[in-house]
Each structure stands twice: as structure tokens, then as C-alpha cells.
Amino acid sequence: MSGPKTGRPPWPRSASAPLVSPLQPSVVYTSEGPDALDAIYGQGSGYTYAREGHPNADVTAGMIDRLEGAEGGILTGSGMAAVTAALLAVARAGDHVVGSDQLYGRSLRLLNETLPGLGIETSLLETGDAARVAAALRENTCAVLIETVSNPTIRIPDIAGIAALCRARGLRLLVDNTFATPRAFRPFEHGADLVIHSVTKLLSGHSDTTLGYVAAREAEVRERIVTLAVTMGLTPSPFDAWLAERGLLTFALRYDRAEANAAELAGALAGHGGVERVLYPQSPDHPDRARAVALLGNRGSHMVSFDIGGGRARAERFIRELSAIPFAPTLGDVTTTISHPATSSHRGLTAEAREAHGMGEGFFRVSVGCEEAGAVAPVFLAALNRLRSG
Ligand SMILES: *Cc1c(COP(=O)(O)O)cnc(C)c1O
């Protein structure tokens with residue numbers, strides 16, 4: 001075999017191709033010479049430097065594109081990198097952005113603190129009624145950011161009304177579709193201009209990779225997102241992208257099992273006297289039930305929130321009684337996990353603000369996993385029974 005005597009030996013050639021996508025961690029790509037490199041940059045016909053793009057990111061982004069019915073979506077280093085790239089691609093200093101007041105905690109912070117620091121005005125409000133959004137619009141409003149299913153309150157915004165409003169007023173609608181996932185809802189089919197994911201969650205699904213995804217309907221916005229991501233360093237690592245590809249191959253299976261388990265858990269909790277309130281899109285008493293049916297059909301996804309009432313001491317005891325379920329502030333794992341918004345995602349709010357949103361000390365959020373059918377709900381019921389008798 002010829003090749004340099006020092007440094008890296010040449011990569012073996014093979015007439016066959018691997019079935020599994022290779023992991024390509026190379027930061028840099030060599031080319032034949034200045035003409036070839038010029039052509040690669042000029043025509044975008046190859047890879048040059050990993051921050052600018054690499055095959056693992058493109059393969060994984062392409063898989064999510066197919067799920068969302070999108071074109072040219074990009075993978076980012078985290079869900080928050082995707083939210084950031086999306087907002088900065090559509091808003092500049094002097095503009096005004098409207099967001100739901102029930103966004104993911106860090107997205108709230110981005111709108112409350114970071115964007116105003118960059119000269120972008122923001123308003124956060126309840127998005128259950130498009131008329132309220134209309135009333136908050138200003139002359140310089142350029143975009144509205146909502147989540148398909150809110151965290152952790154499992155509310156569903158007036159997406160149809162807000163999409164119609166955005167169209168009429170020339171505003172861009174940004175939809176973070178992390179909780180619903182494209183298996184339950186495809187925002188581009190309902191008027192979204194940009195779709196955002198924390199791929200960290202159910203899409204990747206194994207709590208071992210931190211990634212985001214953002215896609216835009218307009219080619220011009222897509223280009224701005226790519227430039228922002230590459231320039232600001234929001235792009236992902238090949239290894240995370242490679243792990244996410246592996247996760248995505250089983251996404252539909254995991255989603256279906258997790259959703260069935262979630263529906264069963266929601267029903268079981270609703271029937272237990274120790275639970276004051278259960279929030280699940282397919283529950284008959286969900287506050288946005290009509291909208292849930294209209295938008296999600298018979299889908300409910302994998303997130304269930306509920307309130308056992310009482311204060312911190314009762315919450316503390318419940319989590320101890322529920323020791324078989326990991327207490328962890330994330331979602332989308334293959335295993336069922338439970339989180340306590342008051343001490344994690346929403347600890348930045350005052351106790352009064354949390355109460356106003358219905359997330360006091362007794363409020364829990366469950367990310368239901370892919371355990372055997374019938375295995376999850378009894379664990380919760382047993383813990384609630386022990387809590388009641390103890
Ligand atoms: C987790 C999450 C994010 C942020 O994603 P990271 O990958 O943690 O940066 C954004 N939006 C929603 C709805 C999320 O659940």
C-alpha cells in the first residue's frame with residue numbers, strides 16, 4: 001500500500017458500501033488543490049470544515065426533513081441553538097417578536113432577556129386565543145413563536161387562528177414542535193413558516209445527544225439560518241448527529257409505544273382520588289380538547305402532567321414513593337421520567353406566577369417512555385396509594 005510514511009494511512013477502498021452511515025468526525029476535508037477547493041466553496045459541492053457542515057449532520061437533518069415535510073432543514077448543536085437561529089434569522093434590532101408565555105423555560109429567557117439586550121422588543125402572552133395575539137401586535141412586529149403543545153402545561157395554542165393572523169399581517173410563524181413531534185402534528189401543513197425541534201428529546205430518544213433542528217419554508221430564510229448557524233457556531237458535532245440518526249430510525253416505534261403508555265397513564269391518574277388534575281391532549285376533560293382533536297387527531301404524544309395538590313413536603317414524599325421512576329428534568333427518553341417544574345424548568349418564575357399557570361408544588365410532568373404495555377401506570381398508582389395511606 002502506498003501512502004505517506006508518517007501521519008495517517010490512506011482510508012481503505014471497498015467496492016461495497018456500509019449499510020450503516022459511517023461516523024465522520026473529521027474537522028477538515030482535504031481537496032486536490034486551489035481550483036478544487038474554490039469549486040467546493042463556490043458550488044457547495046463538498047465539505048470543507050466541520051463547523052460549516054458535515055455528512056452526519058446532513059443525513060440526520062434529511063431524516064427530520066422527511067418527517068416534517070420540509071426541505072433543507074439544518075441540524076444545530078442544541079434545541080436552544082435552533083430557537084436562537086430561527087429568531088435571529090427573522091428578527092433584527094428594532095423589530096418586535098411575540099411569544100407564548102408558556103414556552104420552554106430557556107426560550108422564555110431568550111425572549112425576556114437576551115433578545116431585548118440585542119435591541120429586539122418582545123411580548124409574552126397567553127396564546128389560546130388569536131384575538132389576544134392580534135391585540136399585542138405592533139407596527140414593528142415581525143414574528144410569533146409558539147409551541148404545538150406547551151411545556152409543562154400541555155396546552156394547545158390557537159394555531160389555526162394565529163397562522164391566519166400571521167398570514168394576513170405578513171408575520172412569520174415559528175413553531176417549536178418538540179412536544180407533539182411530526183408524528184402527531186406537521187406545522188408546515190398548518191401555516192408555519194419555521195419549524196423548530198429539540199432533537200435531544202423524543203426524536204433522538206435516548207438521552208445521549210444534545211441537538212436541535214430548524215427548517216424554514218422560504219429559501220431566503222433558510223440561507224440566513226445557515227449563515228447564522230455557521231458564523232455563530234451553532235452547528236452540531238458529528239457524533240451527536242450520528243447518534244440521533246440511530247435514534248430516528250426507531251422514532252415511529254418509540255413514539256407509538258410511548259403514546260399508548262401515556263394515554264393509559266393519563267386515564268389511570270384521572271381515576272385516582274389523590275390526583276386533582278391531569279393534562280393530556282386526548283383526555284376528555286382537557287381544557288383545549290376541541291383544538292386537540294382538530295389539530296392532533298387521535299394523537300396525544302408522550303407527555304402527561306398532573307397535580308397532586310399540597311406543598312413541597314407532599315411533592316417530596318411522592319417522588320420518594322415513586323423511586324422506580326427516575327426523577328430527571330428532561331423528556332423524550334426511552335424510559336419514563338418525571339420532573340417537577342417548580343424546582344427545575346420554571347424555577348425562574350415567582351411562586352405566584354407558577355400558581356397562576358397552574359404549576360404549584362404538587363404539579364408534575366411525566367415523559368412517558370417505551371416500557372412494556374401496562375407497565376407504567378401501575379407504578380404511579382401504587383406510589384399514589386402509598387402516599388395516601390402514609
Ligand atoms: C428541551 C427543549 C428545548 C431546548 O432544547 P435543548 O436541546 O435542551 O437545547 C426547546 N424547546 C422545547 C419545547 C424543549 O422541550
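Read the numbers this way: they start at 1 and go in the same order the structure lists the ligands and their atoms.
- Aromatic ring centroids of His190 and Phe185 lie under 6.0 Å apart.
- Salt-bridge annotation for Glu321 and Arg317: present, with a side-chain N of the basic residue lying under 4.0 Å from a carboxylate O of the acidic one.
- Each of Ser78, Gly79, Met80, Tyr104, Glu147, Asp176, Thr178, Phe179, Ser198, Thr200, Lys201, Leu211, Leu331 has a non-hydrogen atom positioned under 4.0 Å from some atom of ligand 1.
- Of the candidates His346, Glu352, Arg347, Leu349 forms a side-chain contact (heavy atoms from CB on, under 4.5 Å) with just one, namely His346.
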Exercise for review: Check step by step if side chain to side chain contact (heavy atoms under 4.5 Å, CB included) holds for Tyr280 and Asp285.
Suggested key: CA-CA 9 Å; Tyr280 185 65; Asp285 64 345; over 6 Å; no

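- A salt bridge links Arg277 to Asp307: at least one charged side-chain nitrogen sits closer than 4.0 Å to a carboxylate oxygen.
- Under the 4.0 Å criterion applied to side-chain N and carboxylate O atoms, Arg183 and Glu259 are not assigned as salt-bridge partners.
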